[in-house]
Each structure stands twice: as C-alpha cells, then as structure tokens.
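As structure tokens, the structure follows; a few thoughts come after it.
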Number of protein chains: 2
Amino acid sequence: MAISERKKKILAAVVEEYIRTAEPVGSKAIAQTAGLGCSSATIRNELAELVNMGYLEQPHTSAGRVPTPMGYRMYVNELMQMQKLSLEETEEINQRLNTKLQELDDTISQVSRLASQLTDYPALALTAQSAVTIKRFDIIYVDANTFIIVAMMSNNTVKNKLVRLPVSVNEGLMKKLSALFNANFTGISEDQITPLLINSTERAADDTMGITSVIASFAIEILSEADKPMAFVTGENRLLNQPEYRDPDKAHRLMSYLSTGGHILPPADNMAGSEEVRVLIGPENVAEELKDSSVVIASYDAGDNTRGLIGVVGPTRMDYSAVAAKLSFLAAGLSRRLGGGEAPVEGMHNKLIIKGDDPIEHR
Amino acid sequence: MAISERKKKILAAVVEEYIRTAEPVGSKAIAQTAGLGCSSATIRNELAELVNMGYLEQPHTSAGRVPTPMGYRMYVNELMQMQKLSLEETEEINQRLNTKLQELDDTISQVSRLASQLTDYPALALTAQSAVTIKRFDIIYVDANTFIIVAMMSNNTVKNKLVRLPVSVNEGLMKKLSALFNANFTGISEDQITPLLINSTERAADDTMGITSVIASFAIEILSEADKPMAFVTGENRLLNQPEYRDPDKAHRLMSYLSTGGHILPPADNMAGSEEVRVLIGPENVAEELKDSSVVIASYDAGDNTRGLIGVVGPTRMDYSAVAAKLSFLAAGLSRRLGGGEAPVEGMHNKLIIKGDDPIEHR
DNA sequence: TATTAGCACTCGAAATGAAAGAGTGCCAAC
DNA sequence: GTTGGCACTCTTTCATTTCGAGTGCTAATA
C-alpha cells in the first residue's frame, strides 16, 4: 500500500514530536500541532493504519504512538529536511576547527570532542586508513650512544624516535645506514620489510651491533601504526542526558562498548566518495550492542584519496536532522583543511605565539 | 575520649562490611563476623558510642550503621592494612606495563587506562610538570619548500614539525639557522625567547623570509606544551557500577566533571618525595563536585626530579585497601621505568617486531 | 466515501494502605 | 561490664484503588 501524503505529514509530526518530548504522541497533540485541518478522530484512523503498515507502534493499548525503526527510516529518507545551521553555529564550528590545526592525530581527537559537544551525544572519529609509506629517513647522530631516527611519511607526517645504546657507534656507520635506509626502505609497505632485506642491509653497512634491526623495527612499528585507523571516542557520558539511558545498566553497557573502540563505524571505504551523511537506525546496526541505538556518520577527505569518519551515537529517538546537519558541516570543514594530500602550508604571517588549548586529553 | 581497642575492631568491621555490601551494617552481622566474643547487645552499645564520637552514622533510626568520612579517615589512617597483591596480579601489572613502553604521553594515558581496569573505578593520570628546555635543534632540509625541525628536549623526548613554505629557501640558510638556534635557543625557557632574541638571530642569519620566526614559534609552542602537565582521564563509565551512582544525574555530574580534566588532582609537587599513597575522603576534597566521593592518589618518579600522579576516583565507600595497594604498585613500576631522567635504553635484544596494542584512543 | 462526535474501555502511573522485617534502644538480670 | 528480651521505629514491599490519557468503535453527518 502506498503511503498517502497526509499519512506522511502525520508520520513526520509523530516523529518530530517524539524526538522533542520522548513521550508517546497522541492523536490530539497532532491534530493541534500539525496544521492539517482534520479532527483527532481522523488522525486516529490514520495512526491505526500507520501502525498496521509498521511505521509506528504503541507501547500498550491506551498510549500514544512511537515511531518504529522503519518509521524513523522513512522519516530520514523522505520526510526530514536537513536542518540549516544558524550563522552563529557555523561560525563557531569554523572557529573551533581553526584553532585545532595541529598534528593529525590530535586534530582528529579534537574533532571528535567537538562533534560530541555540538550534538550533545557521544561522538567518535576515525582516522583514514591509507597505504602510508616512508618517504625519507634521517638519522641524527647525537653522541656515541644516542641517535634520533626521523622518518617522513608519504602523507607528510613525521615520526621520530630517540635511541640510546649500551654500546657506542660512530657517525660513519650512521651515515652509511642513513643512505641505505633511504635507498631500500622508502616507498615500501610493512610486509616488504623482510628479514632478508634487513640482513642484506646489515651486511652492506658493516653493522655488527644490530643497529640496522633497531631502525628496521622502528620502520615496521610506524608503518603498522599508520596502517591502522585510529579511533577516538568522546563524550560517552552525554548518553546519560537521554531518557532512554536512564537505566544505569543499559547506559553502562553501551558506554563500555563505545569506549572499547571503533568497531562501531563501518570501514571508511564503504563511504568512499560519498559526501552524504549516513544514518544507521536501531536494528540496522550490525553490533548487538547498538541494536536499539542509532548512529549518524559523515566522512571527510583526509587527503591522499583516503577518507576518515566522524560519527555520533544516540538513541533511535535521535535528532537526526540537527545531527546530520552538524556532522555534515563539520566533515566538510575538516575536508577543506586536510584534503589535497598536502600538509598545510606554513604562512609567513603566522602569529609568533601559537597558543594551544587546554591540554586535557580526557578519555 | 580515646577510642578503645574493641571499638577500633568494631569500626574496622563496619567499614569493611559496608565496603563489601554497600548496605548499612547491623550489630548482629558484626557479632558474627568480627571475632570478638561478645553479643550483639554489647556491640550495639559500642556502636551507639561510635555514633556519638562521629565515626559512624545511621541513615535513620532503625537501620544499621554507615561510616562517616571521619570513620573512613580513622580506618585509612590506623585500622586498614594495605592489601597485599597476589602474585598473579603483580605479574599482570608488570607485564602490561612492559608492553606499554612507548612515547611518554602515550605511556601515561595507557597507565591511566590500566589503573582504571585494575581498580574498576575511573582513573586519571597526570604527567609530571617540569622545567623542560630544548637540548638540541636539527633542521632537515627536504626540498626548497620543505624542511623538518627536530628538537630534542632536556627530558629526552623528541618533537618535530614539518614546515612547508610558499617561497623557496636554500640549504645554506638552513645550516646557518640550525647553528644559530643550537647556540642561542637551547637550555632556555619559554619566556627567555624574546622578540629581541628572535630579531637578532634573524639578522645574524641573513634571513629575509621570516623563517627564523617560524622556528622560534615552534620552539615556543613545544616549550609551553611541555611545561603544562597533561591529564588523562579514563573509565569514567565504571562509576555506573557503583550503587551510589545509580542516579544518572549524579553520575553524569561527576562524570562530566571528571572528563573536563585534571583539576581533580592536587599539584604534583605536593606529593614530592612521598612514596606514599594519599587518600582524600569526601569533604576533604576541595572541589565541590567531589565532596561525596573519594580520591586515591599515588605519585611516580618521572625522572628529572619530577613526579607525576596516578589517581582513582570513587564513592567514599571505596575499597581503599585494594586501590591503594594497586596504585602504589603501579606507581612504583612506572617509577622504575621512567625514573633516573634517562630515556630507556634500546637493548640489542629487541624483538624485531614490536607490536603495538589496539589503536583505540578512547576518550 | 471520508470525516467527525461521542462514549465505553483499557491500561499504566500515581496514590494509598497494610503487613513484614530489620535493627535499634533500653531495661532488668547476671 | 555484659547479656537476653522486648517494645518501638522506620523502611521496604506488595496489593489495592484511583485517576486520566488515549484508544477503538459506532453511529451520525457532509
């Protein structure tokens, strides 16, 4: 059975009212608020049919109606209009994004925090997963027992490690190793660093002290680290604002699920190229723990043809419209800053003193 | 009035039973469990006096007794015996500490997580606050528009920054700047980097492109960052396991207070030199939000004569003995690894493949 | 055929009240 | 100083009642 225009209006009214109040919505309330000129009795008939069709349900016989996941889905797909952000909101987001231009990892955890603050739901952010390689090695000789390995990655981030040795080495060996690593270890992936490669490098450098393998370990470590996307979850406690999580056990279950990570979001490549915001409603989620929650996800361009994700978790009675608008804007802003695969250009006009934010890394 | 031996035993029994069950403790229960050979009636008399003395209170006339903050204080100071950790527990902690030997920031956030897991309370960790200076600058010339600044700090951490310029520079200038920065910017504090110093360096280097000020900005940035202690809070959600936080509003209040940071712990220098675990019970806390919670804090030697903190937050009915033992052990283990002011020595026996943990940075 | 007014009915939420039970305080006896 | 005994207090629990919101259905109406 096709759904009539009026039914749509009524469904939208129920969803919106329910999102607002978290109470089952009765026929009377709709007759008054939704501006269709008919009485509550008519609405009742329509409501009964919407229940039959599976869009609504009743907690019990004499109660108002509540949207089913299918009802929310219909709302999100056809009925909802994406909320426009006010000028103040866009300004605020932009400004806060601008103050967070730091190292990528940090940026993205800040963005997660920002998303959570803006929406008042728990939020999470995933860094892009990309085939990073090392572009260039430098070894800084500090003293006979100490050197620093600096590796510049293909995504223009830089990693370093201070190494202290129980034995002394000479600068010549370091120079040799530096050249060899730049020749043999750049542009390759983690699994191309084979014991064979390491051994031959060791021999070529006349390294009898195992330094080659220390450097190789470092290479493997940073490559494997860069491979995996990182997840940041923030604001789990905001769940407690929602009436559906007033039961501490329920809240705790979801919160601890959240805090264990980023399995929550589907792999980023699912979202490749999609500028849209994606909504997963209740049972549409794969994870058992999320079956009665909803997730809203936006993806951002992290440069290098990779995409990262920002998501928000809440009850199915989530304010989809507002959340989608905010996430979408946030993701777009982030894309603008990270996209293009290049590190931000350091302008000459930099303020001399770049103040960081509060150093709080709450987890 | 001095407190008799028997009263002490009874008080201890009440506290321990209450910690265990979270229910007011009656005279009968004590007569049975605590092995003093007297009847419940005698205990009742003693209990009444303990109430008078302020160590216990009754939620209402016909209920059992509950310790007051003063009662807990007495318990912690005189009655409690520090719980010994089992061999398995110490092994587990040691092992998990060993797998976390990474960059300092990361280590300490991992330690916070570990503390929370071990105790099942929210935990927080503060890095040491110390007068860090830059020990050595290196500038890696990548190409005409790109260079990497590498700064080695006095605490043997290394910071880097990739700089991309809209104009091109030559390697000679970089060399000059590198030498100048090593001569003039090492061993000094943030506020000694004056515009005057920057200007004179700029002139000495014949730098007409403002690169000096970019590097100086970086120096200021990392110095001011290193100055501030960083706080990591983890496992806020474990609060929900505690019956005293079953009220979602109460839980939410405390959780959001926690997640905003590290004001919770007193400055680390308060604890300087103290190997002991410190306990703050209910109203002893300064922050209004903590007035009916307790905090247990241990300090660790972060090297360089500085100390960082690990703390745990819970209801006043916290298992002080167990928590104190665990934190103390954890702090000692951490001290062993960080203490002495030197970065860990990279052994030659390193496994080739150093696997990181799960990349989850939940927050 | 679609809409509406009216009304009996259902079911949860809140209010009321009675009963049960844990624990006390105190007294008198030891 | 200790103990058994007992009346008393106060919460917790459970059943019962009341109240009201909202429904479904019917019959009247446009």
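Chain naming here is simple, since letters A, B, ... match the order of the sequence lines and numbering starts at 1 in each. What you see is a predicted model; the values in this text were computed from it and never measured.
On the nucleic acid side, DNA chain D has its first and last nucleotide under 4.0 Å of a heavy atom of chain A at dA21(D) to dG24(D), going 5' to 3'.
Partners of R253(B) according to the salt bridge (Lys or Arg N to Asp or Glu O under 4.0 Å) rule, which considers only residues two or more places apart in sequence or in another chain, do not exist here.
For an aromatic pair to be called close, the ring centres must be under 6.0 Å apart, and Y320(B) with Y75(B) fails this.
Atom CD of E46(A) and atom P of dA2(C) are 10 Å apart (whole Å).
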Worked check of side-chain contact (heavy atoms from CB on, under 4.5 Å) between D249(B) and L240(A): CA-CA 7 Å; D249(B) 293 325; L240(A) 294 173; over 6 Å; no

Residue pair V51(B), T68(B): steps toward the side-chain contact (heavy atoms from CB on, under 4.5 Å) verdict: CA-CA 9 Å; V51(B) 170; T68(B) 60; over 6 Å; no

Stepwise side-chain contact (heavy atoms from CB on, under 4.5 Å) test for R65(A) and Y55(A): CA-CA 10 Å; R65(A) 305 311 208 281; Y55(A) 295 113; over 6 Å; no

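Residues E288(B) and K291(B) are not paired through a salt bridge, judged by the lack of any N-O separation under 4.0 Å between the basic side chain and the carboxylate.
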Base versus backbone protein contacts along nucleotides 15-30 of chain C [heavy-atom cut-off under 4.0 Å; B, S, -]: -------BBBBB----

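Between R6(B) and P59(B), the residue whose closest nucleotide on DNA chain D is further toward the 5' end is R6(B).
When each of L327(A), L280(A), L124(A), V313(A) is checked for a side chain to side chain contact (heavy atoms under 4.5 Å, CB included) with I297(A), only L280(A) meets the rule.
Using a 4.5 Å heavy-atom threshold, the side chains of V15(B) and L79(B) count as separate.
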